[in-house]
Structure formats: C-alpha cells, structure tokens
*Asks:* 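One structure is given below, represented as structure tokens, and several questions about it will come after.
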Amino acid sequence: MPTFYDTHAHLDHPDFAEELPEVIARAETAGIEKIIGIGTDLASSRRAIKLAEEFPNVFAVAGWHPTHALEAPEDLRPALHELARHPKVVALGETGLDYHRLPSQKPGATDDDDAQYKRKQAALFRQHLEVAAALGLNCVIHQRDALEDTLAAVQPFADRVRGVFHCFADDAAAMRRIVALGSLVSFTGILTFKNGQNIRDALAATPLDQFMLETDCPYLAPMPYRGKRCEPAYVKETADVAARVKGCSLEALSAATCATAQRFFHKLLGG
Ligand SMILES: [Zn+2]
Ligand SMILES: [Zn+2]
C-alpha cells in the first residue's frame with residue numbers, strides 16, 4: 001500500500017481530545033506513516049510536543065499563528081529556541097501573515113488597529129525566520145490574502161530558510177514565485193472540492209518534488225467528507241486526487257511527497 005504523511009495536523013485541537021489514539025490508529029491503517037502536529041501558540045506547541053512524545057509516528061512544529069499575533073509576547077525568540085531543541089520538533093510555525101480578517105472589520109476599530117495588527121504579525125513572523133535560520137530549521141507558513149508581504153518577508157532569509165506555504169490555495173504564478181525562493185507548497189482537502197479547479201491547475205503546474213500533502217485537520221475535510229471533522233487518515237482522499245491531477249501512480253506520488261517532506265523536515269528521520 002502506498003504510504004503518505006500528513007504534514008499539517010492540529011492534533012491538539014479539542015475536537016480530537018476524546019479519541020486521539022483511535023484517530024492515530026485510523027491514520028496508520030490508511031497508510032499515513034507520519035503525522036506532523038502544528039502549534040498555534042506556546043501552549044498549543046507544548047501540547048503538540050507532548051503528543052509527539054506519546055506517539056512514535058507523530059512529530060511537532062512549534063510556533064505562533066499570525067491570527068493570534070496580538071496575544072503573543074513581544075519577543076518569542078527565547079521560547080522558540082527552547083522548544084526547537086526537542087528532537088521531535090521538525091520545524092517552526094505555523095507562522096506567517098493573514099490579512100483575511102482585519103480588526104477594522106469590527107465596529108469601533110480603525111485603520112491604526114489594522115496597521116498595529118499587521119506590524120505585530122510581521123515582527124512575529126520575522127522572529128520565527130530568525131530562529132529558524134540560526135538553528136538550521138525550516139518554517140511552516142500560513143498565508144492568507146497577504147502573498148506579496150509574505151514573499152517579501154521570506155526573501156531575505158531564502159538562502160538559509162525554506163518555507164512551506166501550507167494549505168496552498170493560490171494560482172500557478174504564485175506557486176512559481178514560492179518555488180523560486182526555494183520554498184514549497186502543500187495541498188489540503190480543498191484540492192478535492194468541486195470548486196477547487198484553480199488549485200488543481202496550480203498542482204498540475206507544480207513539479208513533483210516541490211509539494212507535500214496535508215489535512216490541516218480538524219478543518220478542510222476532503223470529498224466525500226467535506227463539512228465533517230477532518231482527520232489525518234483523509235490524506236488518502238487528497239492523495240487520490242493529487243495522483244490523478246499529476247498523471248502519476250499513487251506509488252510515485254508517495255515516493256515523491258515523502259522524500260520532499262524528509263528533506264524539508266530533516267529531523268523527521270532522526271526522531
Ligand atoms: Zn494555517
Ligand atoms: Zn494550520
């Protein structure tokens with residue numbers, strides 16, 4: 001059976017609390033060999049690490065999500081340094097820029113609030129990139145409605161840090177700019193959605209060794225589970241569609257995406 005990795009799973013999400021061993025067992029049965037749990041703040045990163053200690057096939061990424069930027073400490077670098085020392089922390093993140101919902105969309109908030117929010121996101125993102133550069137790690141990047149600023153932030157680090165633009169939902173032109181920086185893209189279940197043709201077109205244009213697969217669970221369940229709680233086992237459904245789009249066998253897709261993940265998250269094989 002061709003095996004795959006779930007390179008982006010929110011295993012510490014309360015939706016999984018009741019039955020995490022079962023969720024991980026179902027992933028193994030479906031051929032999902034490794035699962036990378038993603039932190040969204042310090043507490044969540046510590047939970048992700050604890051799960052990686054508990055389950056041999058689970059790894060962790062430590063960081064602070066941009067949409068929670070305003071609650072973050074001014075300087076996250078000491079905490080990132082400390083968390084990244086763990087042998088199963090395979091990257092930093094998720095970090096990045098998200099301008100989808102700005103403070104000014106709420107009554108009473110102003111453009112100044114937006115500027116402050118964006119400044120804090122940018123500062124945090126930079127701190128992740130700095131620590132990643134210092135430690136020889138890569139970053140899991142969350143980008144929404146902020147492509148230009150995200151590329152500009154990564155650019156000065158591109159010779160030292162690679163990013164994976166996770167939950168990639170932009171077009172082939174954006175993918176090419178990301179790959180040109182030495183970074184990667186990764187695809188979720190939205191690849192399987194009826195209205196996901198633009199994303200399938202972007203995947204069709206992506207070289208076989210420049211992308212990974214993920215669920216972003218508990219969100220974004222692929223067809224035929226769309227709208228339900230997603231879990232790592234469902235990488236399989238996304239892989240089926242990805243192989244069809246790439247015109248390759250599941251075996252070839254498995255080999256390519258797992259090798260890419262091993263290069264990107266280079267502590268995966270040591271852990
Ligand atoms: Zn994200
Ligand atoms: Zn995520």
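Fair warning: this is a prediction, and the values are worked out from it, not measured in the lab. We count ligands from 1, going down the list as the structure has it; atoms in each ligand are counted the same way. All residue numbers in this chain count up from 1 along the given sequence.
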*Asks:* Is it true that some N/O/S atom of His142, main chain or side chain, lies under 2.8 Å from the Zn ion (ligand 2)?
*Replies:*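 It does not: His142 brings no N, O or S atom closer than 2.8 Å to the Zn ion (ligand 2).
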
*Asks:* His166: which N/O/S atom is nearest the Zn ion (ligand 1)?
*Replies:*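 It is NE2 of His166.
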
*Asks:* Taking just the N, O or S atoms of Asp216, which one is nearest to the Zn ion (ligand 2)?
*Replies:*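 Closest to the Zn ion (ligand 2) among those atoms: OD1.
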
*Asks:* Can you tell whether the side chains of Glu130 and Arg126 come within less than 4.0 Å, N to carboxylate O?
*Replies:*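 Yes, Glu130 and Arg126 are salt-bridged.
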
*Asks:* Between the Zn ion (ligand 2) and His8, which N, O or S atom of the residue is the nearest one?
*Replies:*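 This turns out to be NE2.
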
*Asks:* Charged N to carboxylate O below 4.0 Å: is that the case for Arg177 and Glu148?
*Replies:*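 Salt bridge: yes.
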
*Asks:* Does NZ or CZ of Lys236 come closer than 6.0 Å to the centre of the six-membered ring of Phe4, within 45° of the ring's axis?
*Replies:*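 No, cation not above the ring by the 6.0 Å, 45° rule.
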
*Asks:* Output the distance between atom CG (Leu184) and atom OG1 (Thr257), rounded to the nearest 0.5 Å.
*Replies:*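 These two atoms lie 11.5 Å from each other.
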
*Asks:* Assess Arg162 against Phe264: is NZ or CZ under 6.0 Å from the centre of the six-membered ring, and within 45 degrees of the ring's axis?
*Replies:*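 Relative to the ring axis of Phe264, which defines the angle, Arg162 lies outside at least one limit.
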
*Asks:* Please give the atom name: the N, O or S atom of Glu94 nearest to the Zn ion (ligand 1).
*Replies:*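 The Glu94 atom nearest to the Zn ion (ligand 1), restricting to N, O or S, is OE1.
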
*Asks:* Does His10 bring an N, O or S atom to within less than 2.8 Å of the Zn ion (ligand 2)?
*Replies:*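 Given the 2.8 Å cut-off, His10 counts as a ligand of the Zn ion (ligand 2).
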
